Each structure stands twice: as structure tokens, then as C-alpha cells.
Amino acid sequence: MKKIKSLSTLLLAIVLFITSCKKEETAIESTKQVLGFHWHSMIGSEDASYGIQFTTNDGIKFKISDWRYYVSNFVLIKDDGTEYPITDKVFLIDIANEDYSLDSVPVGNYRGFKFTVGLDSATNHKDPTLNPASSPLALQSPSIHWSWNSGYIFMKIEGKYDSTVAQIGGASINQPFFFHVGTDNLKQVIDYSDEPFTVESGEDKMLHIEMDFLKILNSVDLKTENATHTGDNLPLATKISNNWKTAFTLE
Amino acid sequence: MKNISKILFLLLLFASCKKDELKQNNDFPLEIPKGFPKPFIPENNQPTAERIEFGKKLFFDPILSRDSTISCSSCHFTDKKFTDGLAISIGIDNRLGIRNAPTLLNVAYLPTMFWDGGVPNLEQQVLAPIESHFEMDFNLPDVVKRLNTIEEYKTLSLKAYNQLPSIFSITRAIACFERTLYTGKSKYDDFTYYNNKNAFSDAELRGMELFFGEEGDCFHCHGTFLFTDNSFQNNGIYEFYSDSGRARITLNQDDVGLFKVPSLRNCEKTAPYMHDGSFETLEEVIEHYNSGGKNHPNQSSILRPLFLSQKDKSDLVAFLKTLTDEK
């Protein structure tokens, strides 16, 4: 009987412990605010959109039909210099959408943040069929995953361009271009660890990021460099991946 | 006291439920050939009759292709040892693929899928032919939508995986069906696993000695009960490879022209040979290995001129034909 009594006491203690833990958590929650991003996709100074005619810095007219990419592994740098990683949060950025919610983060001052264009190796090679349909890592339509080598396309850009000398645009924008850039080695860390911001109590924080397609095309001649599935044109895929490092701007 | 018994009861109930579930899954009898080990089967896709039935129906149904014209069985014929007899397989709109369709028999034992090993398991393999522009040219979310309009598939998926047709249930089901496909009842198996030492003719016996000896030297790559070690090798059929093979996955120049060693079981019935179907007969294949290869920089160091006699070559062919499963 004594044993039972002590057991019940133990159970009671556990229950109390759990409830008390929960209460403490709620206390922390109230000092957190949602951090999100306005993610602007640009063609130079214009807002990017599908099916609209744009012009490269070299004067080549083009249209985009698909531009999506993965960003992941966000790390906030706290005021004391320690890192605050946001794990398991992946965005599939589509130029048709601007708002992406990251997480509830502690209010306070931050020195900056960083993130990865692409996915870490473990996430990249996880079985995509295990993800719920709502996950950005679920198989998409159109696909942004290579089923023949089990990895994600980190950035997929497809469209058509005008290959003529006259560059009159319109119906002469009819030559396809596609950049399917992926594989572990081509991910890039975008480092804003020296861009301070503050998350204030009672107010969700939005950071504004710009991504410029014309900067992705830096030193890429669309007339001759217009097709890569990464493996079949590694030099072009590498060039594009390197351009990611300078294609983002924090507003 | 009463409360504790209640908790205990609940715990026991929970434990017993779990056991029941496992029992149902693990006990499904796969017809694994004598002498073969049990293949690895993922915990979340243990075979059941319902799962195999669902997968089998999908395997033979052209619904998986964009225009509903071709199925898995369009390139893996049951009467051709699950190959298609073509050098390069053909997809929808008569599109020419890039490689020779491999057999699916004994596929449960393969550690990687495809000639380049780009995919680690059968479940994920299912995605590739559905999405390939040269094969079914379709898309998994769209397949799911299509199957969810069909009552029979909804019922099959619910019974098999307790969910409506999903990317998860479709890929699991086809893999589950493919893990029921074995080959292991050949004259060679009769000789080796059923101990019928009179099964072989003199030529076949001599061919076997050449095969497993340094003289013919086939066994380094084509040993084991599967007649492949599943390694990647450049077997020197070209000086220049238009298909980079394993390098397509690794992006490593040292892997250009390396392809996964295929099983030789049923090779009498699975011509043409090599990743691109470039050899039409077993005699041609043996002649190639006898020559020592074309000396690509990545060529396997095992290859060398073998100086086989005519009798050696015909005895080797005789032995290879003992790997045919007449089933």
C-alpha cells in the first residue's frame, strides 16, 4: 500500500511538473513575435511577373514562365553574438507570392541573420514522398525535384527569349531557356550577419528582401548560355549559383 | 490501486495492438527462391496482400502516363523477364529514352536503382519514369488527383495504406508489388541450391569453371547469387561515352562511363545488352570482354585480353544459358 501511495505521489508530481513547464513556456511565448519576410522578385527595377516582356542588360527581350527556388537554414544572430537557428523551416519562393512567415522569435535586438539558397545535404536527399502535400518539400507540379538523382532543384528558372538581331520582342520571344540549378555543392549562404534589426514586443516584424533576375544573369550571355540541368552544363549552373551571392538586396 | 490497474490495462492494450499490426505485415509470404537471403524491406512498407494488389494494378495501368498510353509494363514485359527487348526504351509519343530497360526480377535486392545508381530505393524509383519526359512525362501531384477520381483506386489505397491515393501510397504500392518479383529456378539453381549435380553438361561445367576462374574472370563483378556485385564499372565498350553514366549523378570525371553491373540471370532472354543495348548477342558480349576493352581512361583494371579459345567462348555461353529461369 505504501508503494502505491508513493507511486501516486510520483504521478501527481509528474503531472504538476508538466503543467508547470507548460505555464513557463506560455510565459516565454508572450515575449516572442512573428518574424516574416516580404520577398520581392525583381527584373532590374521592375517587379517580376510571369508572361510579361522584360529586357536584359544586354538588350535581349525575354519572358519568364517559372521562377521558383528554395531558401532554408535561417540563422538569426542575437545581440550577444550567439546564433539562433530556425530549424526545419524551408521556403519555396515563387515570384507569384511575396509573404513568407519564418517563426516566432524572441523580441530584442539582433545583429543580423543569414540563410541558404538551396538545401543542406540531409534535407536535399531525404525521401520526398514522405512529406505531406502542404510541405514546400512535397513533390510539386510542375516538379522542382530531380527524381532520377533524388535531389531538389534549388532554383528553377524557365522562359523564352528573342534570339533575333532586331529584338522586336513580342512573338519573336520564342526560344526556350531554362536554368535548373541544384546539387549539394551549389547551395549558397547569403550573409546578412551585419545588418541589425529589432523585433519589438506586440508587433510582428517584417524584413524586406529583393532578388534580382538580372543580377543572376551577370556575365551570362542568354543567347549562348541558356540551358542547364546542372550536370549537363555545370559551368553555367556554377556561374548562376555564384551570382546568387550578389543577387539579393536587403531593403 | 484501481487506477494503476487501469493504466496497466491501457498500456497492455496498446502493446498488444502494436504486436498485431506487425504480425500482419511481417508474416506475408514472399516466394523467395531457395538459397536466397530475405531482402531488406522498409518498416513502413511491409508486404500485405492489399498493398501488392494495389501496386500490381498500378504497374499494369497506363493511367500513370500523361496521355494514359503507357504503363510500367510497357517497358517491363512479364513474358520478357520484365525487360522490353529493345536497345533503348520508348516512352509516350514514341519518344526515345536514354537507356536499356533493366529487368525487375530480384530487384528487391538492389542497393541502388538505375544504370547510374541515382536513386537509393524502389519507393523513390517509382517517381522517375512517371516524371521523365522520355517515359511517362507526367507528374506525381497530377497522378494523385487522377487516381482520386476513381472509386476502385480510392478503395485499394484505403485498404492498403489507410489513406486515399497519395504520393506515399502510390510509390509504396508499386515498390511492394516489385518486391514480389524473383528469379531463382534455373538449371544453375538446380545444380547449386537443389544439389542436383547431374544437371550440367560437360560444356556447362567447363563454362562455369571459366566463369568463376581467373581465366574467364567474370565472377569479380558477376559473382554472388544475383550474378552482380552491384558495383559501378567502366567496362570499356567505348573510347568516348555520349552517356556519362555514374558521373551524371556524382559530377565526378572519374565516374564517366561507369554503369552499374547488371545481373546475368536470364541473360539468354534479355538481349540486347549493355546500358544502351549496343550488343545483340551473348557471343558479342564475350568477344568484347575477350578483347580487353577499348581503354577508356576510367576503364576497370579487371579488363584485359583473355585469349579465350572458340571452345572457351561457346562453353561460357552454354553456362550463361543455365541461368535461365524457365518459370
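Below, chains carry the letters A, B, ... as their sequence lines are ordered, and counting in each starts from 1. Please read all numbers here as calculations on a predicted model, not as lab measurements.
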Chemist: For the residue pair A:Phe213 and A:Phe62, categorise the inter-ring angle as parallel (less than 30°), tilted (30 to 60°) or perpendicular (more than 60°).
Modeler: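 Answer is tilted, since the angle falls between 30° and 60°.
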Chemist: Testing A:Trp67, A:Trp39, A:Tyr50 for side-chain hydrogen bond (donor to acceptor under 3.5 Å, both in side chains) with A:Asp94, which one passes?
Modeler: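 Of the listed options, the one satisfying the test is A:Tyr50.
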Chemist: Counting the benzene-type ring for Trp, do B:Tyr241 and B:Trp115 have ring centres under 6.0 Å apart?
Modeler: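 No; B:Trp115 has its ring centre 6.0 Å or more from that of B:Tyr241.
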Chemist: Out of the candidates A:Val181, A:Asn124, A:Thr183, A:Val71, only one should pair with A:Phe154 under the side chain to side chain contact (heavy atoms under 4.5 Å, CB included) rule; please name it.
Modeler: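 The side chain to side chain contact (heavy atoms under 4.5 Å, CB included) with A:Phe154 is passed solely by A:Asn124 among A:Val181, A:Asn124, A:Thr183, A:Val71.
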Chemist: Going by atom types only, do A:His38 and A:Asp99 share a side-chain donor-acceptor pair under 3.5 Å?
Modeler: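 Yes, A:Asp99 and A:His38 have a side-chain donor paired with an acceptor closer than 3.5 Å.
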Chemist: Can you list the steps and then say if A:Gln175 with A:Asn226 is a side chain to side chain donor-acceptor pair (under 3.5 Å)?
Modeler: CA-CA 9 Å; A:Gln175 291 302 303; A:Asn226 47 42; over 6 Å; no
Chemist: Applying a heavy-atom distance below 4.5 Å, give me the residues of residues 214-225 of chain A that approach chain B, sorted by number.
Modeler: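 Result: none.
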Chemist: Strictly less than 4.5 Å between heavy atoms, which residues of residues 244-252 of chain B line up against chain A? Please order them by number.
Modeler: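 Hits under 4.5 Å: B:Arg248, B:Ile249, B:Leu251.
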Chemist: Considering only heavy atoms and a distance below 4.5 Å, find which of B:Asp142, B:Val144, B:Asp116 pairs most often with chain A.
Modeler: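 If we count pairs closer than 4.5 Å to chain A, B:Asp142 comes out on top.
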Chemist: Tabulate, in ascending numerical order, the residues of residues 89-104 of chain B having at least one heavy atom closer than 4.5 Å to a heavy atom of chain A, or enter 'none'.
Modeler: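 Near chain A, by residue number: none.
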Chemist: Taking only heavy atoms into account, what residues of residues 151-175 of chain B are found under 4.5 Å from chain A?
Modeler: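 So the qualifying residues are B:Ile167, B:Phe168, B:Thr171, B:Arg172.
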Chemist: Does the side chain of B:Arg146 come within less than 4.5 Å of B:Ile63's, by heavy atoms?
Modeler: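 SC-SC contact between B:Ile63 and B:Arg146 confirmed.
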Chemist: Apply the test side chain to side chain donor-acceptor pair (under 3.5 Å) to residues A:Thr56 and A:Asp58: give CA-CA distance (whole Å), side-chain angles for both, the deciding distance (0.1 Å), then the verdict.
Modeler: CA-CA 5 Å; A:Thr56 70; A:Asp58 302 326; 4.6 Å; no
Chemist: Once the angle between the rings of B:Phe259 and B:His275 is folded into 0 to 90°, is it parallel (under 30°), tilted (30 to 60°) or perpendicular (over 60°)?
Modeler: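 Ring orientation of B:Phe259 relative to B:His275: parallel.
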Chemist: For the atom pair OH (A:Tyr69) and CE (A:Met211), what is the distance rounded to the nearest 0.5 Å?
Modeler: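 Between atom OH of A:Tyr69 and atom CE of A:Met211 there are 4.5 Å.
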Chemist: Donor-acceptor pair, A:Lys160 side chain versus A:Lys63 backbone, under 3.5 Å?
Modeler: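 No, the answer is negative, given that no donor and acceptor are paired below the 3.5 Å cut-off.
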Chemist: Is a side-chain donor-acceptor pair under 3.5 Å present for A:Asp127 with A:Thr129?
Modeler: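 Checked: A:Thr129/A:Asp127 side chains pair up, N/O donor to acceptor below 3.5 Å.
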Chemist: For A:Phe115 and A:Phe37, I'd like to know if the aromatic rings sit close, meaning centre-to-centre distance below 6.0 Å.
Modeler: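 No.
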Chemist: Nearest 0.5 Å, what's the CG-CD distance between A:Asp162 and A:Gln53?
Modeler: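 Answer rounded to 0.5 Å: 8.0 Å.
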Chemist: To the nearest 0.5 angstrom, please state how far the NZ atom of B:Lys56 sits from the CG atom of B:Leu181.
Modeler: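 So the gap between those two atoms works out to 9.0 Å.
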Chemist: Assess the side chains of A:Ser65 and A:Glu158: does a donor N or O sit below 3.5 Å from an acceptor N or O?
Modeler: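 A:Glu158 and A:Ser65 do not have a side-chain donor-acceptor pair below 3.5 Å.
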